[in-house]
Amino acid sequence: MIDLDLVRKDPAQVEANLARRHDPKLLERFAEARARDAEWRAGRVEADRLRRRRNELSRAIGQARAEGGDTEGLASEAREALAQFDEVEARETRLGAERDRLVRSLPNLLDPSVPYGKDDTENVVVATWGERITDAGSRKSHVEVLEALGMVEFDRARRASGAGFYYLTGPMVLLDLALQRFALDLLIERGFTPVIPPFMLRREPYEGVTDLADFENVMYKVEGDDLYLIATSEHPLAALYMGEILDEARLPIRLAGISMNFRREIGGHGVDQKGIFRVHQFEKIEQAVFCRPEDSPAIHEELRANAEEVFRRLEVPYRVVNVCTGDIGTVAAKKYDVEAWFPRQQAYREVVSCSNCTDYQARRLGIRLGKAGRPGKTVPHTLNSTAVATSRALAVIVEQYQRPDGSVEVPTVLRPYLGGRSSIARAAGA
RNA sequence: GCUGAGGUAGCCUAGCCCGGAAAGGCGCCAGCCUUGAAAGCUGGUGGCGGUUCGCCACGGGAGUUCAAAUCUCCCCCUCAGCGCCA
């Protein structure tokens, strides 16, 4: 959430920033939040005055009783003073709760370098890498290739679990695992600590790391428990230090999350309807960092460089976009997407999302910075980025590395993880 | 799932039975002392703003009361033992 202190001290700055998001409702909500806060503050003065009176009388009764005096007169006076108290206090509570709800519903403040734009068509390309394959006609879709290899089961998965699931089988599983291990090793090399987090979270931490709209749209709720299946390991990793004071000397903390990820939301149309590009369940190696506020822009670039390195070493052409104001979402202050080139589709498709969330998640989660175990006033920044999401990476590799005979070449960098194997082909007689 | 013990400030703890302004220690900060440091001594050290002061804060919520960390009810979480279990 946005710092309430900043809302009070420099509302013009907050308002100008929110205005960049093209959403007039946001400015209305912001104005409403400020109005509720002003009313709440005024109401508090009155409530505090009443509470003070009550406390004084109450102490006087205690003292009179201790001295053996009569307390009935004081007590009736106190009862009288309390008559109007409930109403004032209820009003104060209601205003404060409304103010908090409104402030919490506001998105993060955007970094000045985020380009202005209405939707994903106005994202700005900031880098491109690799030689694209431009003859789509020579290519089959990843679905066709995987089915011809006999290493994926879509129809049976639908029967068992519904649309949006698949069984991956045979050597393709080894390629999936190799991708994860390769990305993980790269991160470990760069100072990340691998973490297998819980794959379910309680509601409270979940509200800290994501926004409510996402919450309703993408989360799977576990029946009978206050638990939700994680949509990305970013969420349990961000919640790792919920309510704690992080010692500045320990920062930055670089974590490499390994998890299965579960998402209900599926925009079921066009080319994504079939296949493994967009599914309810996928594995991902994720970068997550806690750092001092002044370090987050540089670390954001570092995470992006790591994500790019994954695709360079896989020799998959890609571009990087700076996600514009109309497409960036609630939590990130700045976001890069890495988009890999899918030769069959002749399109760049998102394979990595790399965000600087600044203090937005950390404040909601109650994480503070401190020295020697003592809390300070500042809140750390959190960042996250995909290193590799296996279903999407697998899809692009299959489209790019397929051969005319139906086999798939193994990217050089993955071969050590497959015992030196250089291609995956349909088993004889299968 | 059952039984029991717990949840108090950055940390540790007292207070709870028997309602009356959150005690103490550690750590941290500042001052004194010192060549310097440690020790020692003194003071400070939760949040809010309306800042000579006040209000709020004892896991969360409701109730009783002039007054709740304390009594009553509901809920959450943690730990231990038992049960179950890949």
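Here is the naming used below: chain letters follow the sequence lines, and residue numbers restart at 1 for every chain.
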Quick check for you: among B:G10, B:G49, B:C55, whose closest atom lies nearest to any side-chain atom of A:R52?
B:C55
Checking all strands, does A:R49 fall into the base, sugar-phosphate, or nothing category for heavy-atom contacts under 4.0 angstrom?
nothing
Could you tell me how far apart A:M242 (CE) and B:C77 (P) are, to the nearest whole angstrom?
12 Å
Please determine whether a side-chain nitrogen or oxygen atom of A:R202 lies at a distance below 4.0 Å from atom OP1 or OP2 of B:U78.
yes
With a 4.0 Å cut-off, would you call A:E350 and A:R278 a salt bridge?
no
Given pairs defined as Watson-Crick or G-U wobble with both distances under 3.5 Å, what dot-bracket annotation applies to RNA chain B, with ( ) intrastrand, [ ] crossing, | other strand and . unpaired?
(((((((..(((.......[...)))((((((.......))))))((((...))))..(((((..]....))))))))))))....
Has A:N384 got a side-chain atom pairing as donor or acceptor with A:A288's backbone, closer than 3.5 angstrom?
no
Expressed as a whole number of angstroms, how long is the span from A:I245:CD1 to B:G47:C1'?
13 Å
Just how far, in rounded Å, is C1' of B:G47 from CZ of A:R41?
14 Å
Salt bridge (charged side-chain N to carboxylate O under 4.0 Å, His left out) partner of A:E92, the single match among A:R41, A:R99, A:R51:
A:R51
Report, one line per pair, each donor and acceptor closer than 3.5 Å where one atom sits in a side chain of residues 187-199 of chain A; sequence neighbours left out.
from	atom 1	to	atom 2	distance (Å)
A:R190	NH1	A:N306	OD1	2.7

A:R203 CZ - B:C77 C1' separation (whole Å)
18 Å
Within less than 4.0 Å of OP1 or OP2 of B:C55, is there a side-chain N or O belonging to A:N55?
yes
A:R101/A:E98 ion pair, N-O < 4.0 Å:
no
Does the pair A:R292/A:D295 count as a salt bridge with the N-to-O cut at 4.0 Å?
yes
Interatomic distance where CZ belongs to A:R51 and C1' belongs to B:C48 [whole Å]
11 Å
Do A:E32 and A:R29 meet the salt-bridge criterion of a basic N to acidic O distance under 4.0 Å?
no
Taking the ring centre of each residue, are A:H142 and A:F277 less than 6.0 Å apart?
no
Let me know the distance between CZ of A:R8 and P of B:C48, rounded to the nearest Å.
9 Å
Report all interatomic pairs (protein N or O, nucleotide N or O of nucleotides 64-68 of chain B) with separations under 3.5 Å.
from	atom 1	to	atom 2	distance (Å)
B:C66	OP1	A:R79	NH1	2.3
B:A67	O4'	A:S58	OG	3.2

Measure the distance from CG on A:D100 to P on B:C48 and round it to the nearest whole Å.
13 Å
Can you tell me if the side-chain N/O atoms of A:R53 get under 4.0 Å from OP1 or OP2 in B:G54?
no
